[in-house]
2 protein chains.
Amino acid sequence: MTTASPELTRNQSLVLETLAKAEGPLSAYTILDKLRDDGFRAPLQVYRALDKLLGFGLIHRLESLNAFVACAHPHCHAHGLIAFAICEKCGQVDEFSDEVVQKRLAGWAEDHRFKAEKTTIEIRGRCANCLAA
Amino acid sequence: MTTASPELTRNQSLVLETLAKAEGPLSAYTILDKLRDDGFRAPLQVYRALDKLLGFGLIHRLESLNAFVACAHPHCHAHGLIAFAICEKCGQVDEFSDEVVQKRLAGWAEDHRFKAEKTTIEIRGRCANCLAA
DNA sequence: TGGTGAATGTTATGACATAACATGTTATTG
DNA sequence: CAATAACATGTTATGTCATAACATTCACCA
Ligand SMILES: [Zn+2]
Ligand SMILES: [Zn+2]
Ligand SMILES: [Zn+2]
Ligand SMILES: [Zn+2]
């Protein structure tokens with residue numbers, strides 16, 4: 001599914017570090033701005049690095065945000081179906097997976113002879129901290 | 001959750017009919033092009049109608065495609081959690097819901113004191129027809 | 001050493017979405 | 001019948017996300 005990662009190039013490392021340091025998801029253009037001082041000039045420099053990092057499974061794309069986050073479990077490299085809980089207030093993203101949900105969706109696909117290639121689960125709302133405040 | 005729909009305005013009806021007639025999801029700009037002959041000139045005319053129709057629950061937005069589809073069950077107006085299976089080949093979209101998945105995600109949210117406001121589930125892949133062909 | 005493939009740099013363009021403001025349309029209601 | 005309020009619409013401009021196309025550089029190995 002995901003390609004094994006050799007070592008990262010300079011651009012890939014910079015982008016990954018930027019995401020890893022960030023509080024929440026970042027858009028490609030936000031990453032670009034943060035990396036101007038490191039010589040980044042054009043969106044493609046970011047998008048190309050993001051593509052590779054996605055392939056390595058080191059980051060994820062949040063479809064409902066058009067943004068990217070560093071993987072919360074970059075070592076358990078073979079995580080199956082992943083879900084994201086995204087706080088609309090503080091931007092915090094919680095990455096988790098659920099066997100039951102995964103099996104259930106796989107069951108639906110099998111019943112309908114649908115060959116799933118990529119599944120997106122994103123829950124938008126308010127996190128515990130933001131609700132408490 | 002969704003507001004009750006009074007009757008639709010001319011623009012809203014045109015946009016909804018366009019989506020209902022379509023084979024698959026349409027982007028806002030594709031809808032705009034299809035409605036040029038009906039007097040549509042600017043993206044906002046489409047986006048405003050789409051916003052209302054989303055509020056009425058008559059259409060859905062597919063986050064992973066930046067596109068829109070007519071609701072497959074526009075009468076069962078109170079559908080809970082919806083999932084979409086999207087064929088990458090023919091564009092067909094299958095809209096379904098699953099009680100178990102819904103309860104499971106609600107359980108996660110409760111456990112983590114996360115207040116879910118909108119949940120997206122989108123499965124991309126190949127439909128039965130396209131796999132047979 | 002030179003040739004191959006991958007990564008990078010750069011410019012331009014395409015695709016998706018909204019801000020801001022003016023105008024029109026349709027009830028209420030005094 | 002105004003006056004008004006609420007909503008829908010039209011229009012221009014701009015903002016945001018993503019890729020096409022092409023030139024150059026780099027790392028590696030025959
Ligand atoms: Zn992950
Ligand atoms: Zn929060
Ligand atoms: Zn529906
Ligand atoms: Zn298909």
Side-chain angles (χ1 to χ4, degrees), chain A residues 3-19 22 24-56 58-69 86 88 91 118 120 122 124, chain B residues 3-19 22 24-56 58-69 86 88 91 118 120 122 124:
Chain A
T3 312
S5 64
E7 49 235 280
L8 302 180
T9 67
R10 170 181 155 83
N11 284 5
Q12 289 159 17
S13 299
L14 286 168
V15 168
L16 180 57
E17 282 162 23
T18 303
L19 281 174
L26 299 181
S27 77
Y29 278 74
T30 303
I31 296 170
L32 174 58
D33 286 339
K34 288 181 183 295
L35 290 176
R36 296 259 180 216
D37 292 344
D38 295 288
F40 276 54
R41 312 296 316 259
L44 260 196
Q45 296 176 280
V46 178
Y47 280 109
R48 288 202 272 233
L50 289 171
D51 280 346
K52 291 294 183 185
L53 294 170
L54 285 170
F56 298 151
L58 297 176
I59 66 172
H60 301 290
R61 174 185 167 81
L62 300 177
E63 302 287 353
S64 68
L65 254 36
N66 293 329
F68 303 83
V69 283
I86 305 165
E88 313 247 51
K118 174 152 201 309
T120 298
E122 296 178 15
R124 311 266 304 258
Chain B
T3 313
S5 66
E7 49 235 279
L8 301 179
T9 67
R10 171 182 153 82
N11 283 8
Q12 289 160 17
S13 299
L14 286 168
V15 169
L16 180 57
E17 282 162 23
T18 303
L19 281 173
L26 299 180
S27 77
Y29 278 75
T30 302
I31 296 171
L32 174 59
D33 285 340
K34 289 181 183 294
L35 290 177
R36 296 259 180 216
D37 292 344
D38 295 288
F40 276 54
R41 312 295 319 259
L44 258 195
Q45 295 176 280
V46 177
Y47 280 109
R48 287 203 272 234
L50 289 171
D51 280 345
K52 290 296 183 182
L53 294 170
L54 285 169
F56 299 151
L58 297 175
I59 67 172
H60 301 291
R61 175 184 168 82
L62 300 178
E63 303 288 353
S64 68
L65 293 180
N66 294 328
F68 303 84
V69 283
I86 304 164
E88 313 247 51
K118 175 152 198 312
T120 298
E122 296 177 16
R124 312 268 303 260

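By convention in this document, chain letters (A, B, ...) are assigned in the order of the sequence lines, proteins followed by strands, and residues within each chain are numbered from 1.
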- Taken to the nearest whole Å, CG/A:Leu54 to C1'/D:dA18 is 13 Å
- Item | D:dT19 OP1/OP2 closer than 4.0 Å to side-chain N/O of A:Tyr47 | no
- Test A:Phe68 against A:Leu53 for side chain to side chain contact (heavy atoms under 4.5 Å, CB included), laying out the working first. CA-CA 10 Å; A:Phe68 303 83; A:Leu53 294 170; over 6 Å; no
- Query: Going by the salt bridge (Lys or Arg N to Asp or Glu O under 4.0 Å) test, which pairs reach into residues 34-56 of chain B, not counting sequence neighbours?
  - Reply: B:Asp33-B:Arg36
- Please name all residues satisfying side chain to side chain donor-acceptor pair (under 3.5 Å) with A:Glu17, sequence neighbours left out, ordered by chain then number. none
- Message: Please report the interatomic distance CD1(B:Ile86) to CG(B:Leu62), rounded to the nearest 0.5 Å.
- Response: 4.5 Å
- Task: Would you please test B:Leu58 and B:Leu19 for side chain to side chain contact (heavy atoms under 4.5 Å, CB included) and show each step?
- Result: CA-CA 10 Å; B:Leu58 297 175; B:Leu19 281 173; over 6 Å; no
- Per-nucleotide protein contact string for nucleotides 8-13 of chain D (B base, S sugar-phosphate only, - none; heavy atom under 4.0 Å): SBBBB-
- Message: Once side chain to side chain donor-acceptor pair (under 3.5 Å) is applied, do any residues pair with B:Thr18, and if so which ones, sequence neighbours excluded?
- Response: none
- Which ones in residues 60-69 of chain B lie close to DNA chain C, meaning a heavy atom under 4.0 Å from one of its atoms? B:Arg61, B:Asn66
- Quick one: B:Ile31 CD1 to C:dA17 P, roughly how many Å, whole number? 10 Å
- Query: How close or far is atom C1' of D:dC17 from atom CG of A:Asp51, stated in whole angstroms?
  - Reply: 13 Å
What protein N or O atoms touch nucleotides 24-27 of chain D N or O atoms at under 3.5 angstrom, if any, and at what distances?
none

- Give, for atom CG of A:Leu35 and atom CZ of A:Phe40, the distance between the pair rounded to the nearest 0.5 Å. 5.0 Å
- Task: To the nearest 10°, let me know how far the axis at one end of the helix from C:dT1-D:dA30 to C:dG30-D:dC1 is tilted from the axis at the other, five pairs an end.
- Result: 10°
- Task: Please name the pair of heavy atoms, one in A:Val15 and one in A:Ala49, separated by the smallest distance, quoted to 0.1 Å.
- Result: CG2-CB, 3.7 Å
- For B:Ser64 and B:Glu122, what are the C-alpha separation, side-chain angles and deciding distance, and is it a side chain to side chain donor-acceptor pair (under 3.5 Å)? CA-CA 7 Å; B:Ser64 68; B:Glu122 296 177 16; 2.5 Å; yes
- How many Å lie between CG on B:Asp33 and P on C:dC16, as a whole number? 11 Å
- Item | Any residue meeting side chain to side chain donor-acceptor pair (under 3.5 Å) with A:Asn66, in chain and number order, not counting sequence neighbours | A:Arg61
- Which heavy-atom pair separates A:Gln12 from A:Phe56 by the least distance, and what is that distance? OE1-CE1, 3.9 Å
- Message: If I compare all heavy atoms of A:Glu63 with all of A:Thr120, which pair ends up nearest, and what's the gap?
- Response: CG-OG1, 3.7 Å
Please output the side-chain donor-acceptor pairs of residues 24-31 of chain A that fall under 3.5 Å, not counting sequence neighbours, one pair per line with the distance.
unit_1: A:Ser27; atom_1: OG; unit_2: A:Tyr29; atom_2: N; d: 3.4
unit_1: A:Ser27; atom_1: OG; unit_2: A:Thr30; atom_2: N; d: 3.1
unit_1: A:Ser27; atom_1: OG; unit_2: A:Thr30; atom_2: OG1; d: 2.8

